[in-house]
Amino acid sequence: MTDYGMSRRKIEIDSLLKTKMNRRKAISSAAKAAVGAGAAVVVAGGAAAYFATRPPEVVKEVVTVEKPVERTVVTTVAGSPTTIIERQTQTVVQTQTVTPVVKPKVTMWKGPHTPDDPGVYAPLLQQFRAQNPDIDVEFVSVPWDQLSAKLASGVAAGTICDLAYLPSTWMYQYANQGALVELETLPGFEEVKAAPYKSTPWKAGQFATHQYGIPYLSVSVVIMYNKDIFENAGVGPAPKTWDDLIEIARQVHAPDKDIFGAGMPLGWEAYATHWGSSLLYSYGANVPLSFGKPIPGVGDNELTLNTDAGVEGMTKMKALWQYSQKGKLTRGEVTDLFFAGKIAMVPHESFTVPLLEKHPDIRAGLFQLPEGPKGRYTYAESGYISIFKQTKSLDATWKFARFITSRDANERYLEASFLFPTRDDIEVEEFTRGKHADLYKEFIGAIQHGRYSMYALYGEELGRMQDDIIAGGADIKQTLDRTAQNIMLIIKASGFKV
Amino acid sequence: MKKSQIIPYLIFFGPISSLISGLLLFPTIASVLFSFTRWYGVGTPNFVGTENYERLISDADFWLALLNVGRYVAFILPLIAVIPLTLALTFQQDNRLSGIFKSVMVFPFVFSMVIEGILWRWVYQPHIGPMSILKVDILGDYQTAIYGVAFVAFWQAIGFYMYMFIAGLGSIDISLYEAAKIDGAGSLQAFRYITLPSLKPTFAFVVTMALIWNIQTFDPVFVVTHGGPGFSTFTPVFYIYWLAFNRQDMGYASAVSVVLLLLTLAAALTSLRLLRTGE
């Protein structure tokens with residue numbers, strides 16, 4: 001059989017592979033490779049430096065120009081030759097040097113408050129572009145569970161967006177790190193300040209005497225319950241204390257019929273935090289608020305999570321878990337189960353109300369989170385539009401920030417998101433005259449019990465702590481101690497002195 | 001070496017050496033340097049000596065992450081050694097049915113873990129997914145959640161491992177089987193004394209790759225459980241991510257990365273040595 005010399009070639013290759021290289025040769029080859037690498041790095045670096053520092057491209061443009069021309073004409077006037085000057089315009093083609101104008105691009109990041117934030121923002125961006133053709137804008141909707149990491153890595157790597165929607169805690173965090181622009185230094189700030197903002201959210205946008213955020217929206221949480229499940233079990237609609245609520249959950253809980261007393265997701269899910277944080281605060285277990293910044297009307301910033309109050313609060317939480325659905329569900333999955341008529345009560349934010357339209361068979365009511373020995377607390381806070389100092393075009397970014405926080409643009413977003421205004425001149429009709437106006441009133445009422453703005457920062461730690469205690473069977477005091485320690489690490493990492 | 005010989009060196013070694021230096025060597029060296037600092041992502045890193053490494057010894061979360069990845073790997077390795085090989089033996093022939101099956105098996109490897117993870121979360125959901133029939137709560141249970149995630153990772157890579165074994169089987173000299181048949185060996189004996197020993201290099205490759213990939217597992221954990229419930233499915237790489245981006249503790253996260261690099265190297269080298277013994 002002919003092998004076309006393959007055998008011989010294979011032997012040659014084999015012998016080549018088996019040839020041992022002596023040390024001198026090896027060092028010599030390695031040195032050459034290193035020289036090669038060095039040269040390539042120098043070339044690549046040079047090319048990068050050239051492209052990074054080269055001046056803006058110069059373009060030759062061909063244009064037609066109307067040019068005045070004077071002509072001397074000799075003519076005969078009344079039989080005698082006369083010289084006259086004629087003035088005319090002439091069209092000439094000429095080339096001219098033009099420096100192209102690069103549009104500044106403003107990028108905004110925001111966690112979603114509606115099922116389709118980019119869709120809600122699209123007409124706003126279009127309007128802004130029409131009013132400001134010299135500015136390009138981009139809106140990026142970042143899922144909430146990725147936003148924290150994206151912001152942190154963006155600031156560290158210098159790839160952060162120009163402006164972002166920041167829950168107050170994150171705003172304080174980045175203000176504290178010196179990453180945000182002090183808005184009062186910008187032209188036209190006084191006009192922004194003169195708008196009829198509600199005083200609490202406006203003041204909460206300040207940190208260390210500077211204004212770092214323009215209030216954009218307020219959120220609050222209440223408990224939504226299934227009226228049919230409550231009536232069938234013959235229980236009253238509004239528990240006053242946590243003990244009352246746990247008792248109601250016990251009475252309505254019927255897992256054999258696929259009905260669960262409370263909807264409690266595991267992990268870092270807002271509902272989990274809404275149950276747990278409200279319980280902890282109302283039992284007097286405190287987590288430092290926004291980096292030592294006193295929130296008007298709110299208590300101290302001492303960390304008392306790992307005290308008897310914390311143990312008591314978490315014991316109640318564990319009791320409530322007995323009457324909850326099981327499984328590692330997401331917030332969306334718990335909401336689905338509620339609207340499937342399987343869950344009796346679950347904490348909700350106001351943007352859940354419109355979903356009732358899609359589930360006409362569910363009769364829902366609302367009540368405030370119950371009281372503990374130290375009062376009633378719920379998640380309610382404002383979010384802000386803040387500008388990062390790393391922005392490449394501060395003027396354009398400020399222009400866009402003012403546009404989206406303007407009365408009209410802000411109102412359009414609030415109407416789509418079913419969240420609450422931070423200024424008095426915005427009235428969302430749905431809240432005052434809509435079909436579910438009575439439900440929205442409960443949410444607005446909940447704002448006065450607002451407390452835990454740390455939720456955005458410590459939410460994951462608290463969520464995991466809850467999991468370990470209620471589902472993992474961990475020792476309550478030890479778990480609280482560990483979480484308190486981790487929260488102190490986060491506060492320390494943020495640069496805040498405790 | 002002559003000057004003319006340097007140019008080919010530059011052409012062939014230069015680009016790849018630059019890439020390796022820029023994309024692998026530089027970040028590795030930077031991680032080692034950061035591991036000796038306290039750095040929170042912004043500002044100047046402060047040199048703290050071996051403080052981060054000392055902290056690591058008493059860090060319960062780190063040891064839990066190591067224990068979890070140990071359970072994860074211990075669950076996945078036997079599956080990788082048995083099921084893809086069985087599939088490879090069944091479908092190594094070149095016929096239409098085998099072709100279709102082999103193509104289908106590679107689909108999970110091609111698709112994104114993000115999509116697959118969301119799909120599996122639904123499968124595991126004890127209230128509305130297929131598991132609701134069995135009333136089994138795999139991801140919500142602290143004892144089983146890590147195995148639920150490991151199975152997703154195994155399911156995704158099964159096609160890849162199957163192809164490795166098919167390639168290994170294809171390289172076995174057919175005359176060995178013919179000789180064994182003449183000597184009166186049955187199918188089981190041929191498998192025991194010819195197939196398995198001949199697949200030793202393939203096993204070494206597959207097990208070593210599986211070790212490296214799975215010790216460094218991140219995406220199935222991120223998508224399927226996000227480390228939860230609690231810290232029950234934290235793996236070392238997820239813990240590094242958590243430290244760096246949740247607690248912004250970049251210096252300590254770097255120290256954990258360096259230790260993980262050494263552990264992965266040690267595990268890979270040990271596996272290679274064990275599996276190549278007696279080759």
Side-chain angles (χ1 to χ4, degrees), chain A residues 28-29 32-41 43-44 145 148-153 155-157 173-174 177-179 258 260 266-269 325-330 333 336-337 340 342 457 460-461 463-474 479 482 486 489-490 492-495, chain B residues 1 5-22 38-43 60-61 121-122 124-129 131-132 135-142 145 148 222 224-234 241-250 252:
Chain A
S28 158
S29 304
K32 284 162 198 162
V35 169
V41 167
V43 171
D145 59 355
S148 169
K150 199 170 163 73
L151 289 167
S153 56
V155 168
Q173 180 188 355
Y174 290 109
Q177 290 176 356
D258 245 9
F260 307 98
L266 292 176
W268 185 68
E269 283 292 345
Q325 94 302 323
K326 298 297 179 284
K328 193 185 178 310
L329 305 194
T330 63
E333 287 162 350
D336 288 346
L337 284 182
K342 294 183 176 185
L457 196 66
E460 286 216 35
E461 296 286 347
R464 290 181 198 280
M465 175 194 80
Q466 271 173 215
D467 287 1
D468 283 352
I469 291 170
I470 64 173
T479 312
R482 192 181 70 171
N486 290 337
L489 283 174
I490 294 175
K492 209 168 147 189
S494 69
Chain B
M1 183 185 273
Q5 286 177 308
I6 292 174
I7 292 166
Y9 269 95
L10 284 177
I11 293 170
F12 290 114
F13 283 98
I16 194 67
S17 306
S18 316
L19 278 175
I20 289 171
S21 313
R38 187 179 300 129
W39 184 47
Y40 299 123
V42 286
D61 291 340
R121 246 174 30 196
W122 174 77
Y124 284 136
Q125 227 265 35
H127 296 281
I128 51 172
M131 290 290 176
S132 61
K135 298 279 177 203
V136 181
D137 179 14
I138 291 172
L139 297 183
D141 187 322
Y142 271 59
F222 187 86
V224 180
T225 60
H226 206 73
F231 294 84
S232 67
T233 55
F234 261 53
Y241 160 81
W242 169 262
L243 287 170
F245 298 113
N246 192 266
R247 296 192 186 150
Q248 297 188 29
D249 202 348
M250 301 285 182
Y252 184 52

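We use all heavy atoms of the structure for the numbers below, so side chains are in, but hydrogens, waters and symmetry mates are not. The structure displayed is predicted, hence computed values, not measured ones. So that the names make sense, note that chain A is the first sequence line, chain B the second, and so on, each numbered from 1.
One distance of note links CG of B:Asp137 with NZ of A:Lys328; it measures 10.5 Å at 0.5 Å rounding. Rounded to the nearest 0.5 Å, atoms CD (B:Gln248) and CD (A:Gln177) are 5.5 Å apart. Distance NZ/A:Lys342 to NE2/B:His127: 8.0 Å, rounded to 0.5 Å. For the atom pair A:Glu460 CD and B:Asn246 CG, the distance stands at 4.5 Å (nearest 0.5 Å). Taken to the nearest 0.5 Å, the OG1 atom of A:Thr330 stands 13.0 Å off from the NE2 atom of B:His226.
In terms of heavy-atom pairs under 4.5 angstrom with chain A, the leader among B:Phe12, B:Tyr241, B:Trp242 is B:Trp242. For the set A:Leu151, A:Leu337, A:Val155, the count of heavy-atom pairs under 4.5 angstrom toward chain B peaks at A:Leu337. The candidate from B:Gly228, B:Ser232, B:Pro229 with the greatest count of non-hydrogen atom pairs under 4.5 Å with chain A is B:Pro229. No other option in B:Ile128, B:Asp141, B:Thr225 has as many heavy-atom pairs under 4.5 Å with chain A as B:Thr225.
Residue A:Leu266 comes nearest to B:Gly140 through the heavy atom pair CD1-O, 4.2 Å, listed as atom of the first residue, atom of the second, then distance. Closest approach of B:Pro126 to A:Gly327, counting heavy atoms only: CG-CA, 3.8 Å.
With a 6.0 Å cutoff to the six-membered ring centre and a 45° limit on the axis angle, A:Arg464 does not count as a cation-pi contact of B:Phe234.
Neither the backbone nor the side chain of A:Asp336 comes within contact range of chain B; no heavy atoms are under 4.5 Å apart.
No side-chain N or O of A:Asp467 forms a donor-acceptor pair with one of B:Tyr142 less than 3.5 Å apart.
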